[in-house]
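Here is the structure we will look at, set down as structure tokens.
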Amino acid sequence: MPEKAPYNKLFNLKVCCLHVAATILCGAGGMYLYQHGTPAIGLIMPLVFLVLLLPVDVLTKALTGRHIIIATRWDKKPPSYRWYVDGLLGFLIVVIPHLSPIVVLIWFREDI
């Protein structure tokens, strides 16, 4: 069930703060390595995921009264799953972090 997915632990404030701190360090390390010639820009993806997850979860809570459900097609979706809220927002918070390294490379005006 998606309600038992590991990302649900991130809705605990203490766990979330710990993960955000770790991903900031990871992202800063990736930026440092990138600026010194190592192609490690993908290390910013976890930070982008967390930065997107929290506001999207707040939006989902406002619309549906519960946390977001990120479910794949193989998961058994609960009755409260709404594709137009959970499906679209879940898709965005999974796809956008994968596009973020490209955006950073364009921002630094480097060849992709």
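In this structure, L25 CG and Y32 OH are separated by 14.5 Å, a value rounded to the nearest 0.5 Å.
Put simply, the side chain of T23 gets close to the backbone of V20: a donor and an acceptor are under 3.5 Å apart.
Residue D86 comes nearest to I69 through the heavy atom pair OD1-N, 3.2 Å, listed as atom of the first residue, atom of the second, then distance. Considering all non-hydrogen atoms of both residues, G90 and I68 come closest at N-CD1, 3.9 Å. Residue I44 comes nearest to G27 through the heavy atom pair CG2-O, 3.9 Å, listed as atom of the first residue, atom of the second, then distance.
Cluster annotation: L54 is not connected to L59 through the hydrophobic network of ILVMFWY side chains, with a link wherever side-chain heavy atoms come within less than 4.5 Å. Under the 4.5 Å side-chain heavy-atom criterion for Ile, Leu, Val, Met, Phe, Trp and Tyr, V58 and L52 are members of distinct hydrophobic clusters. Hydrophobic clustering keeps M45 apart from L43 (ILVMFWY residues linked when any side-chain heavy atoms are closer than 4.5 Å, directly or through intermediates). Cluster membership for V94 and I96, using ILVMFWY side-chain heavy atoms within less than 4.5 angstrom, is shared. When hydrophobic clusters are built by joining Ile, Leu, Val, Met, Phe, Trp and Tyr residues whose side-chain heavy atoms come closer than 4.5 Å, directly or via intermediates, I93 is not grouped with V103.
Residues satisfying the side chain to side chain donor-acceptor pair (under 3.5 Å) criterion with H67, sequence neighbours excluded, are D57.
I24 places a side-chain heavy atom less than 4.5 Å from the side chain of L47.
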